[in-house]
S.K.: 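One structure, as structure tokens, below. Some questions next.
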Amino acid sequence: MKEKNESGFHYLYDHYAGALYGVVLRIVQSKEYTEEIIQDVFVKIWNAIHQYDSSKGKFYTWMINIARNTAIDYLKSKGFQNELKNQPLPDFVYNSAELSTANNSSDFIGFNNVLKGLELDKQELIDLAYYQGYTQNEISEKLKIPLGTVKTKMRNALMKLKDLLKDYQ
């Protein structure tokens, strides 16, 4: 990939597109938007491959962060927000059962099962922050709990997740 070899890109896409698709779908909850975002994600990975540093983390984690951030940026973009406002109601309402990640169709690495190892309040924090794109300040306001509590619980949740994920490496 760092040598900009097309076969490296094809390997990357063939082996990771499904998992990254699942991450993006969980965030945007629309197959149409997910397909568009996935294209952007792979272009970003291709263009930013020189920024990857293996001493800072795994390649897969780096790619997931790019996918997650791209999906959240897309949801917060003015173009997307305007598009939502201009859609008629039947097109705006989606079939939540079909798009739900509870059916595990988009949970390629079994992360839903890992999350179940956390307390419910910590699962909610992870969902709000990593899948819905809320900041810690926004979570504090939404849940009506102090910001310090959000930060502490989030840190504890991430440490627990790190411990739970050791079995998956």
Side-chain angles (χ1 to χ4, degrees), residues 1-84 87 91 94-96 98-118 122-123 125-136 138 154-155 157-169:
M1 285 287 294
K2 286 188 177 185
E3 296 170 4
K4 300 291 183 179
N5 185 326
E6 280 188 45
S7 64
F9 180 81
H10 291 296
Y11 176 86
L12 180 76
Y13 188 85
D14 291 344
H15 287 83
Y16 293 99
L20 296 179
Y21 183 92
V23 169
V24 173
L25 180 62
R26 173 107 188 235
I27 295 169
V28 299
Q29 298 185 354
S30 164
K31 291 180 182 179
E32 177 185 340
Y33 297 129
T34 297
E35 291 169 2
E36 185 177 324
I37 293 167
I38 281 295
Q39 291 177 5
D40 291 342
V41 167
F42 277 96
V43 168
K44 286 182 179 184
I45 291 170
W46 178 260
N47 290 332
I49 191 68
H50 64 280
Q51 295 175 353
Y52 169 67
D53 182 358
S54 62
S55 68
K56 292 184 179 180
K58 293 185 183 254
F59 185 61
Y60 181 66
T61 305
W62 181 76
M63 290 190 307
I64 284 179
N65 282 327
I66 290 173
R68 178 187 163 275
N69 293 339
T70 302
I72 291 170
D73 289 347
Y74 188 83
L75 288 179
K76 291 184 175 183
S77 71
K78 285 186 180 182
F80 178 76
Q81 293 299 320
N82 287 336
E83 191 174 319
L84 285 180
Q87 287 184 357
D91 292 335
Y94 54 84
N95 181 346
S96 61
E98 178 186 332
L99 297 175
S100 171
T101 56
N103 65 16
N104 288 332
S105 65
S106 63
D107 187 21
F108 295 101
I109 61 171
F111 196 68
N112 286 336
N113 291 332
V114 175
L115 279 177
K116 289 178 185 174
L118 296 176
K122 292 184 175 112
Q123 288 179 31
L125 288 175
I126 295 294
D127 181 64
L128 289 170
Y130 288 93
Y131 294 118
Q132 296 184 41
Y134 283 81
T135 65
Q136 290 182 337
E138 292 168 336
M154 183 66 73
R155 184 175 190 281
L158 292 173
M159 288 175 26
K160 175 75 173 177
L161 266 179
K162 182 179 178 182
D163 188 49
L164 291 171
L165 286 171
K166 285 181 185 175
D167 296 336
Y168 290 88
Q169 293 182 357

S.K.: Go through the steps for Ile126 and Met154 under the test side-chain contact (heavy atoms from CB on, under 4.5 Å), then give the verdict.
M.R.: CA-CA 7 Å; Ile126 295 294; Met154 183 66 73; 4.0 Å; yes
S.K.: Suppose we screen for ring pair (Phe, Tyr, Trp, His ring centres under 6.0 Å). Which residues come up paired with Tyr134, at least two apart in sequence or across chains?
M.R.: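 Applying ring pair (Phe, Tyr, Trp, His ring centres under 6.0 Å) to Tyr134 gives none.
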S.K.: Applying side-chain hydrogen bond (donor to acceptor under 3.5 Å, both in side chains), name anything that partners Thr70, two or more places apart in sequence or on another chain.
M.R.: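 With neighbours one apart ignored, the set is Lys44.
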S.K.: Between Leu118 and Leu125, is any pair of side-chain heavy atoms under 4.5 Å apart?
M.R.: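 Leu118 vs Leu125: side chains apart.
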S.K.: Run the side chain to side chain contact (heavy atoms under 4.5 Å, CB included) test against Ile72 and tell me which residues pass, sequence neighbours left out.
M.R.: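 Only Ile27, Arg68, Lys76 meet the side chain to side chain contact (heavy atoms under 4.5 Å, CB included) criterion with Ile72.
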S.K.: Run the ring pair (Phe, Tyr, Trp, His ring centres under 6.0 Å) test against Tyr13 and tell me which residues pass, sequence neighbours left out.
M.R.: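 Counting only residues at least two positions away or on another chain, Tyr13 forms a ring pair (Phe, Tyr, Trp, His ring centres under 6.0 Å) with Phe42.
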S.K.: Which residues pass the side chain to side chain contact (heavy atoms under 4.5 Å, CB included) test with Asp53, sequence neighbours left out?
M.R.: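 Applying side chain to side chain contact (heavy atoms under 4.5 Å, CB included) to Asp53 gives Ser55, Lys56.
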S.K.: Compare every heavy atom of Ala67 with every heavy atom of Val41, then report the nearest pair and how far apart it is.
M.R.: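 Closest pair (atom of Val41, atom of Ala67, distance): CG2-CA, 3.7 Å.
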S.K.: What is the distance from atom CD1 of Ile37 to atom CG of Leu75, rounded to the nearest 0.5 Å?
M.R.: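 If I round to the nearest 0.5 Å, the distance is 6.0 Å.
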S.K.: Measuring from Met63:CE to Ile49:CD1, what's the distance to the nearest 0.5 Å?
M.R.: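 One gets 8.5 Å once the value is rounded to the nearest 0.5 Å.
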S.K.: Could you go through residues 4-12 and list every donor-acceptor pair under 3.5 Å that involves a side-chain atom there, pairing it with any protein atom two or more places apart or in another chain?
M.R.:
from: Lys4; atom 1: NZ; to: Trp46; atom 2: O; distance (Å): 2.3
from: Asn5; atom 1: OD1; to: Ser7; atom 2: N; distance (Å): 2.8
from: Asn5; atom 1: OD1; to: Ser7; atom 2: OG; distance (Å): 2.7

S.K.: So, using salt bridge (Lys or Arg N to Asp or Glu O under 4.0 Å) as the criterion, who are the partners of Asp127 when residues are at least two apart?
M.R.: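 Asp127 satisfies salt bridge (Lys or Arg N to Asp or Glu O under 4.0 Å) with Arg26 only.
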S.K.: Can you name the closest pair of heavy atoms from Ala71 and Val24 and give their distance?
M.R.: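 The answer is CB-CG1, 4.1 Å.
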S.K.: Tell me, please, which residues at least two apart from Glu36 pass side chain to side chain contact (heavy atoms under 4.5 Å, CB included).
M.R.: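 For Glu36 the side chain to side chain contact (heavy atoms under 4.5 Å, CB included) partners, ignoring immediate neighbours, are Tyr74.
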S.K.: Under a 4.5 Å cut-off applied to non-hydrogen side-chain atoms, are Lys160 and Lys122 in contact?
M.R.: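 No - every pair of side-chain heavy atoms lies 4.5 Å or more apart.
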S.K.: State the NZ-CD1 distance between Lys58 and Ile64, to the nearest 0.5 angstrom.
M.R.: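 Between atom NZ of Lys58 and atom CD1 of Ile64 there are 11.5 Å.
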S.K.: What distance separates Tyr52 OH from Thr61 OG1, expressed to the nearest 0.5 Å?
M.R.: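 With rounding to 0.5 Å, OH (Tyr52) is 8.0 Å from OG1 (Thr61).
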S.K.: What's the spacing between Asp40 CG and Glu35 CD if we round to 0.5 Å?
M.R.: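 The CD atom of Glu35 is 12.5 Å from CG of Asp40, to the nearest 0.5 Å.
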